[in-house]
J.: 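Before I ask anything, here is the structure I am working with.
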Amino acid sequence: MQRHGVSPNVVTFIYGLKACSNLQALDKGQELHAEVIVEGLEDHPFVNSSLVDMYARCGAFAEAREVFDELPHQDIVSWTTLISAYADNGHDKQAIICLEAMQKLGISPNVITIVCSLKACGNTGNLSVGKKLHMDIIVEQLEGNPFATNSLIYMYTKCGSLDEAWHIFEEMHSPDIISWNSIISGFAEQGENERALALSKQMQEQGLLPDNTTLVGVLKAVANMEAFEHGRRLHAQVFHSCEDQSIDLIVATALVDMYCKCGSIVYAQQVFNKMETKDYVLWTSLLTGYAQQGYSDLLFQAYDSMKAHGLQPTAVTFLSLLNVCSHAGLINSAYSILEVMCGYGIEPDIKHLNCIVDLLGRSGQFFLAFAVLERLPIKPTYIIWSTILGHCRNHSISELAQYVFECAVSDEEVESAFFVVMSNLSSEFVSEEYEDVLHSCYGTSASSSLL
DNA sequence: ATAGGGTTAG
């Protein structure tokens with residue numbers, strides 16, 4: 001168009017920037033940004049929102065933020081653009097911070113802002129902000145809006161408030177496929193497997209056909225139940241329902257995961273091998289399956305094969321590798337995996353650390369375990385302490401257990417399971433000292449029943 | 001003519 005001598009206007013830039021967003025074409029987007037300035041259109045609110053969107057969707061959050069901060073008027077759309085981009089890319093806490101900053105300025109969220117924010121609440125389990133948004137929906141009389149209502153179902157199931165989600169679903173006059181899928185996958189995710197399956201049946205009785213998302217939700221329920229035969233039937237159903245026998249990539253990933261959880265590595269491999277395009281999630285679900293079942297040779301072979309196919313390992317890939325090392329007692333392999341991981345620029349997180357601590361604790365190398373904990377910039381959680389505590393038990397080291405126990409109870413997140421581990425320990429060591437600590441931490445009746 | 005709902009790996 002430009003070669004034909006036609007200059008771009010506001011509308012051209014809006015569509016051009018949207019294309020860049022869709023393609024994640026940051027370079028081209030930056031070129032368009034420069035042209036926007038040349039054309040003197042940098043004050044146009046629609047163009048500016050599109051620029052914020054383009055940078056954020058290309059993963060350039062700092063640049064998105066820069067454009068946003070310099071806007072002459074930050075309107076509801078530019079705020080929502082930021083919130084949406086954060087929520088879609090795993091920066092859910094940032095999304096909620098933005099929502100609250102916006103509200104502080106006196107701007108009320110509209111239905112689109114609410115939908116994006118509810119997603120962020122669901123992803124972070126932020127029930128209190130989610131409930132406030134629910135109130136906003138009621139105040140704005142948006143209860144009949146399917147986007148708002150379906151987002152509420154999503155948020156409540158992700159936060160574990162299944163009764164509330166069910167209540168909203170039940171009140172709907174005509175739930176659409178997305179409503180059904182939200183409640184089905186929500187129940188499946190929370191382990192309400194039978195209910196998820198029953199709802200899928202009910203949905204089909206009402207004349208709605210299951211789509212890929214429904215299948216993924218149902219496969220998750222089946223995987224949780226390790227119901228191999230049911231999984232086989234679903235696989236057959238998937239196979240017959242799709243055209244030219246090519247299974248959707250996400251459905252295939254759910255199938256691989258289901259077969260692995262049911263212990264059927266051979267079927268998982270079969271589904272995996274038949275896929276023409278494999279993304280890193282499909283690879284990782286197979287690698288994780290190998291790790292869970294303890295197939296270390298297959299795991300390392302598949303890891304090499306994945307790299308040979310040009311796919312980069314991620315933090316999850318390395319976690320699977322470390323898990324296998326941990327179960328097989330391969331300390332040196334674990335160290336080299338950590339090194340390789342750092343070479344890829346991936347920082348070990350608490351779960352990787354737990355594998356290493358587990359390995360060291362297993363072989364009684366507690367001093368080394370503590371040295372690792374001190375060297376890494378991650379604060380140990382009670383999960384790490386539980387791991388060490390378990391090994392204290394195996395090695396009958398009661399003094400260390402006492403120390404570890406005291407470290408752990410200062411963790412705000414510490415859960416009852418930890419006290420069960422400790423009570424098992426104290427009953428074995430028959431130490432009155434532990435009983436006293438348990439009484440003080442856990443209440444007299446609870447600890448006496450545990451002990 | 002800018003922003004929006006459900007699905008995959010630990």
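In the text below, chain A, chain B and the rest are named by the order of the sequence lines, each starting its count at 1. Computation of the quantities below employed the complete heavy-atom set of this structure, encompassing side-chain atoms and omitting hydrogens, waters and symmetry-equivalent molecules.
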J.: Below 4.0 angstrom, which residues in residues 115-137 of chain A have at least one non-hydrogen atom near DNA chain B?
T.: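 Listed by number, they are A:V115, A:C116, A:K119.
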J.: Could you tell me how far apart A:M341 (CE) and B:dG10 (P) are, to the nearest whole angstrom?
T.: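 Value for this atom pair: 16 Å.
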J.: What nucleotide among B:dT2, B:dA3, B:dG10 has an atom nearest to a side-chain atom of A:N110?
T.: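 Output: B:dA3.
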J.: Rounding to an integer number of Å, can you tell me how far A:M203 CE sits from B:dT7 P?
T.: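 From A:M203 CE to B:dT7 P: 15 Å.
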J.: Indicate, with a heavy-atom threshold strictly under 4.0 Å, whether A:D349 touches base, sugar-phosphate, or nothing.
T.: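 A:D349: base contact, heavy atoms under 4.0 Å.
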J.: Can you tell me if A:D163 has over 12 outside heavy atoms packed within less than 6.0 Å of its CG?
T.: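 No.
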J.: Rounded to whole Å, please give me the gap between CD1 in A:I107 and C1' in B:dA3.
T.: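 The answer, rounded to whole Å, is 13 Å.
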J.: Relative to each other, are the rings of A:F61 and A:Y86 parallel, tilted or perpendicular (30° and 60° limits)?
T.: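 Answer is parallel, since the angle falls under 30°.
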J.: What pairs of residues pass the salt bridge (Lys or Arg N to Asp or Glu O under 4.0 Å) test when at least one of them lies in residues 12-37 of chain A, not counting sequence neighbours?
T.: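 Output for this query lists A:K28-A:E31.
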J.: Look at the aromatic rings of A:F68 and A:W79 and report parallel, tilted or perpendicular, splitting at 30° and 60°.
T.: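 It falls in the perpendicular class, over 60°.
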J.: Can a side-chain donor-acceptor contact be found between A:T288 and A:S320 if the only test is distance below 3.5 angstrom?
T.: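 Per modelled atom types, A:S320 and A:T288 side chains form a pair under 3.5 Å.
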J.: Would you call the rings of A:Y156 and A:H134 parallel, tilted or perpendicular, where under 30° means parallel and over 60° means perpendicular?
T.: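 Perpendicular: the ring planes of A:Y156 and A:H134 meet at over 60°.
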J.: Would you please test A:L286 and A:Q269 for side-chain contact (heavy atoms from CB on, under 4.5 Å) and show each step?
T.: CA-CA 7 Å; A:L286 188 67; A:Q269 287 167 327; 4.3 Å; yes
J.: Should A:L338 and A:P348 count as side-chain neighbours, where that means a heavy-atom distance under 4.5 Å?
T.: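 With C-beta onward as the side chain, the pair touches.
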J.: Under a 4.0 Å heavy-atom cut-off, which of residues 269-283 of chain A touch DNA chain B?
T.: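 Under 4.0 Å from DNA chain B: A:Y280, A:V281.
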J.: Using a strict heavy-atom distance below 4.0 Å, which residues from residues 36-50 of chain A are in contact with DNA chain B?
T.: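 Only A:H44, A:P45, A:F46, A:S49, A:S50 qualify.
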J.: If you measure from the Lys or Arg side-chain nitrogens to the Asp or Glu carboxylate oxygens, is any gap between A:D358 and A:R362 under 4.0 Å?
T.: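 Counted as a salt bridge, because a side-chain N and a carboxylate O are separated by less than 4.0 Å.
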J.: Between A:F318 (CZ) and B:dA9 (C1'), how many Å, whole number?
T.: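 Rounded to the whole Å, the gap is 15 Å.
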J.: Does A:K278 count as lying over the ring of A:F272, i.e. NZ or CZ under 6.0 Å from the six-ring centre, within 45 degrees of the axis?
T.: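 Yes, A:K278 lies over the aromatic ring of A:F272.
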J.: Taking atom CE of A:M135 as the centre, report whether more than 12 heavy atoms of other residues, nucleotides or ligands fall under 6.0 Å from it.
T.: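 For A:M135, atom CE is not crowded (no more than 12 foreign heavy atoms under 6.0 Å).
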J.: From CE of A:M258 over to P of B:dG10, roughly how many Å is that when rounded to an integer?
T.: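 A:M258 atom CE is separated from B:dG10 atom P by 14 Å.
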J.: Hey, does A:F187 have a side-chain heavy atom less than 4.5 Å from the side chain of A:W166?
T.: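 Yes. Closest side-chain heavy atoms under 4.5 Å.
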J.: Assign A:D248 to base, sugar-phosphate, or nothing according to its heavy-atom contacts below 4.0 angstrom with the strands shown.
T.: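 Nothing: the residue A:D248, judged by heavy atoms under 4.0 Å, touches no strand.
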J.: Under 4.0 Å, counting only non-hydrogen atoms across every strand here, what does A:S285 touch: a base, just sugar-phosphate, or nothing?
T.: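 A:S285: backbone/sugar contact only, no base atoms under 4.0 Å.
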J.: Counting side-chain heavy atoms from C-beta on, which of B:dT8, B:dA3, B:dA1 comes nearest to A:I112?
T.: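 Of all the options, the side chain of A:I112 is nearest to B:dA3.
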J.: Can you tell me how far P of B:dG10 sits from CD of A:Q293, to the nearest Å?
T.: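 It works out to 12 Å between those atoms.
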J.: What's A:S182 touching, base or sugar-phosphate or nothing? Going by heavy atoms closer than 4.0 Å.
T.: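 Sugar-phosphate, backbone atoms only, no base.
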J.: At 4.0 Å (heavy atoms only), tell me whether A:T288 reaches a base, stays on the sugar-phosphate, or touches nothing.
T.: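 The residue A:T288 makes sugar-phosphate contact but no base contact.
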J.: Under 4.0 angstrom, heavy atoms only, what part of the nucleic acid is A:I177 near: base, sugar-phosphate, or nothing?
T.: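 If one applies the 4.0 Å heavy-atom cut-off, A:I177 turns out to touch a base.
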J.: Check this one for me: any side-chain N or O of A:K220 less than 4.0 Å away from OP1 or OP2 of B:dT8?
T.: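 So the side-chain polar atoms of A:K220 do come within 4.0 Å of the phosphate oxygens OP1 or OP2 of B:dT8, strictly under.
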J.: Figure out the CZ/P separation between A:F147 and B:dA3, and round it to whole Å.
T.: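 Atom CZ in A:F147 sits about 13 Å away from atom P in B:dA3.
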J.: Nearest whole Å is fine: how far is B:dG4 P from A:R57 CZ?
T.: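 Rounding to the nearest Å, CZ of A:R57 and P of B:dG4 are 5 Å apart.
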J.: Could you check which residues of residues 66-93 of chain A get a heavy atom under 4.0 Å from DNA chain B? Sort them by number, please.
T.: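 DNA chain B contact set from residues 66-93 of chain A: A:V77, A:T80, A:T81, A:S84.
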J.: When you look at A:Y55 and A:H33, which way does the side chain to side chain donor-acceptor pair (under 3.5 Å) test go after all the steps?
T.: CA-CA 10 Å; A:Y55 279 119; A:H33 189 178; 2.7 Å; yes
J.: Got a sec, which residues hit salt bridge (Lys or Arg N to Asp or Glu O under 4.0 Å) with A:D43, two or more places apart in sequence or on another chain?
T.: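 Expected list: none.
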J.: Hey, is A:K119 close enough to A:D92 for a salt bridge, meaning N to O under 4.0 Å?
T.: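 Salt bridge absent between A:K119 and A:D92.
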J.: Any idea which of B:dT7, B:dA1, B:dG4 is nearest the A:Y154 side chain?
T.: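 The closest nucleotide is B:dT7.
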